[in-house]
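Order of the sequence lines fixes the chain letters, A, B, ..., with proteins taken first and strands second; residue numbering starts at 1 for each chain. Just so it is clear, the values below take in all heavy atoms, side chains as well, and ignore hydrogens, waters and symmetry mates.
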Protein chains: 2
Amino acid sequence: MQNILFDFISKYISLTEEEWNAIVSLDLFRSVKKGTILLKEGQKSKDSYFILKGCIRTYYLLDSEEKTTAFYTEMEALTPPCVISKTPSEYYISCVEDCILTVSNSDMEVEVNSKFPKFDIMCRILSEELLAKQRIDFDEFKTSSPEQRYLNLIQKRPDLIQRVPQHQLASYLGIKPQSLSRLRARILEKDRS
Amino acid sequence: MQNILFDFISKYISLTEEEWNAIVSLDLFRSVKKGTILLKEGQKSKDSYFILKGCIRTYYLLDSEEKTTAFYTEMEALTPPCVISKTPSEYYISCVEDCILTVSNSDMEVEVNSKFPKFDIMCRILSEELLAKQRIDFDEFKTSSPEQRYLNLIQKRPDLIQRVPQHQLASYLGIKPQSLSRLRARILEKDRS
DNA sequence: TCCTCTCGTTCACTTAAGTTAAGAAATGCA
DNA sequence: TGCATTTCTTAACTTAAGTGAACGAGAGGA
């Protein structure tokens with residue numbers, strides 16, 4: 001399992017034995033059960049996550065309805081906005097499946113980064129990349145209809161459609177579960193003809 | 001004008017005289033006229049922008065229609081995704097008003113950052129902040145209706161409604177110009193009663 | 001095993017956005 | 001100033017999403 005993390009980091013920087021040992025010694029790996037809530041609305045937290053196996057989702061509770069806004073799967077990293085802004089969280093994070101994660105808190109990162117400035121550079125590159133990627137996702141969302149978004153999702157993240165309940169996908173696509181159900185029926189109808 | 005940039009950088013790191021001189025000597029400041037296109041679809045570019053005065057927008061040309069996805073105003077920075085991915089740009093950047101900008105290219109940044117590692121840290125913090133902010137914007141967009149988005153915009157960026165043509169605001173809100181016009185009429189109607 | 005709760009689907013109805021078109025208002029330019 | 005172009009608004013009609021409700025299938029717990 002560790003080598004997944006190693007491969008991920010290696011995409012950004014090359015690691016010496018010493019640096020890698022420093023990471024391993026932090027004992028970041030955690031196994032968590034499906035349904036576990038990692039972060040609740042109103043909580044303060046300094047934890048960032050990296051998914052080695054499984055799937056987690058972020059959602060807001062608005063009018064006692066869950067609004068899912070993002071899914072994170074294998075080889076993806078998540079630093080919740082509340083960690084950056086140092087304010088109570090506006091959303092929940094929960095495990096869609098049994099997961100193996102690394103959990104690192106920002107104090108640890110400050111310490112490691114001051115010892116190995118290389119990690120600072122990795123974090124910079126990683127956030128710049130994520131920022132650009134998220135910008136493109138946002139732009140695609142804005143410029144397309146729910147149906148196009150769904151078709152786009154089938155192309156880009158087909159696994160999500162299998163592993164995630166449909167009502168969670170719906171709010172991820174910005175619509176209601178009933179609308180997603182109808183939209184899917186509409187697409188099947190078109191395919192038949 | 002320079003002190004705007006100085007104040008911005010000072011929010012993230014403290015600058016020595018030498019560091020500040022290094023930045024000034026790069027001669028980054030540019031004046032550009034309203035309507036100027038800074039980046040075109042298909043172009044490769046290494047330029048990042050910081051707005052000292054004015055407003056720029058990013059837009060896609062889809063089915064020969066402009067789809068505006070973002071506006072950047074005073075004290076905001078933009079590194080286009082194509083600079084990060086090193087691929088041709090998918091969108092256009094154009095000036096909504098006469099602007100005063102800094103234009104820096106990524107080669108220069110690499111050079112400055114290697115001379116002053118402090119800048120690397122600033123870039124990391126800045127991208128982490130922007131990533132978190134953009135995540136929240138995206139989430140708000142997903143979880144609200146066009147009308148809520150418009151009301152939200154009035155609260156958060158009232159200046160945009162004054163300085164930007166409505167048909168550009170419309171696609172920024174994810175709808176057609178006619179729908180924005182109707183939606184505004186609907187809100188006025190409600191206010192009256 | 002039975003019961004309950006969740007999830008997905010369907011339906012009828014409402015509401016709002018997309019579309020097409022026309023005209024008024026504002027803007028820019030000669 | 002006058003003309004052309006762009007921008008905004010309005011309207012009628014179409015299409016799709018929101019809403020409320022009902023139903024069946026399936027999962028999980030007692």
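Other residues sharing the hydrophobic cluster of Tyr60(B), ordered by chain and number and joined by side-chain separations under 4.5 Å: Val32(B), Leu38(B), Leu39(B), Tyr49(B), Ile51(B), Ile56(B), Leu62(B), Tyr72(B), Leu78(B), Tyr91(B), Ile93(B), Leu101(B), Val103(B). Counting side-chain heavy-atom gaps under 4.5 Å among Ile, Leu, Val, Met, Phe, Trp and Tyr, the cluster of Ile175(A) also holds Phe71(A), Val96(A), Tyr150(A), Leu151(A), Leu153(A), Ile154(A), Leu160(A), Ile161(A), Val164(A), Leu169(A), Tyr172(A), Leu173(A), Leu180(A), Leu183(A), Ile187(A).
Using modelled atom types, no side-chain atom of Ser171(B) and backbone atom of Lys67(B) make a donor-acceptor pair closer than 3.5 Å.
Within the structure, ring-ring contact (aromatic ring centres under 6.0 Å, His included) pairs that include any residue of residues 21-41 of chain B do not occur (at least two apart or interchain). Note on residues 102-117 of chain A: pairs passing salt bridge (Lys or Arg N to Asp or Glu O under 4.0 Å), not counting sequence neighbours, are Lys46(A)-Asp107(A). The list of salt bridge (Lys or Arg N to Asp or Glu O under 4.0 Å) pairs with a residue in residues 22-31 of chain B, not counting sequence neighbours, is empty.
A salt bridge between Lys156(A) and Glu140(A) is present, with a side-chain N of the basic residue lying under 4.0 Å from a carboxylate O of the acidic one. Between Arg135(B) and Glu128(B), no side-chain nitrogen of the basic residue sits less than 4.0 Å from a carboxylate oxygen of the acidic one, so the salt-bridge criterion is not met.
Rounded to whole Å, the distance from CG on Leu169(B) to P on dC8(D) is 8 Å. The nearest whole Å value for the distance from the CD atom in Glu189(B) to the P atom in dT10(D) is 11 Å. In this entry the distance linking CD of Gln148(B) with P of dA17(C) reads 11 Å, nearest Å. Atom CZ of Arg149(B) and atom C1' of dA16(C) are 12 Å apart (whole Å). Atom CD1 of Ile175(B) and atom C1' of dC8(D) are 14 Å apart (whole Å). Taking atom NZ of Lys176(B) as the reference point, atom P of dA12(D) lies 22 Å away to the nearest angstrom. In this structure, the CD1 atom of Ile187(B) is 13 Å from the C1' atom of dA16(C), given to the nearest Å. In this structure, the CD atom of Glu147(B) is 7 Å from the P atom of dA17(C), given to the nearest Å.
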Pull out every protein N or O sitting under 3.5 Å from an N or O of nucleotides 23-28 of chain C, one pair per line with the distance.
none

Name the pairs: protein N/O against N/O of nucleotides 5-11 of chain C, kept only if under 3.5 Å.
from: dG8(C); atom 1: OP1; to: Gln166(A); atom 2: N; distance (Å): 2.7
from: dG8(C); atom 1: OP2; to: Gln166(A); atom 2: N; distance (Å): 3.4
from: dG8(C); atom 1: OP2; to: His167(A); atom 2: N; distance (Å): 3.1
from: dG8(C); atom 1: OP2; to: His167(A); atom 2: ND1; distance (Å): 2.8
from: dT9(C); atom 1: OP2; to: Gln166(A); atom 2: OE1; distance (Å): 2.8
from: dT9(C); atom 1: OP2; to: Ser181(A); atom 2: OG; distance (Å): 3.0
from: dT9(C); atom 1: O5'; to: Ser181(A); atom 2: OG; distance (Å): 3.1

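For residues 59-73 of chain A, proximity to DNA chain C is found at no residue, defined as any non-hydrogen atom under 4.0 angstrom from a strand atom.
Two residues are said to be in side-chain contact when any heavy atoms from C-beta on lie closer than 4.5 Å; Glu66(A) and Arg57(A) meet this criterion. Using a 4.5 Å heavy-atom threshold, the side chains of Asp120(B) and Asp120(A) count as separate.
Applying the side-chain hydrogen bond (donor to acceptor under 3.5 Å, both in side chains) test to Gln2(B) and every residue at least two apart in sequence or in another chain returns nothing. The side-chain hydrogen bond (donor to acceptor under 3.5 Å, both in side chains) test applied to Gln148(A) returns Ser145(A), not counting sequence neighbours.
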What donor-acceptor contacts under 3.5 angstrom involve side-chain atoms of residues 6-15 of chain B, with partners at least two apart or in another chain?
from: Ser10(B); atom 1: OG; to: Phe6(B); atom 2: O; distance (Å): 2.7
from: Tyr12(B); atom 1: OH; to: Glu129(B); atom 2: OE1; distance (Å): 3.0

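Summary for the helix from dT1(C)-dA30(D) to dA30(C)-dT1(D): the axes at its two ends, each from 5 pairs, differ by 50° when rounded to the nearest 10 degrees.
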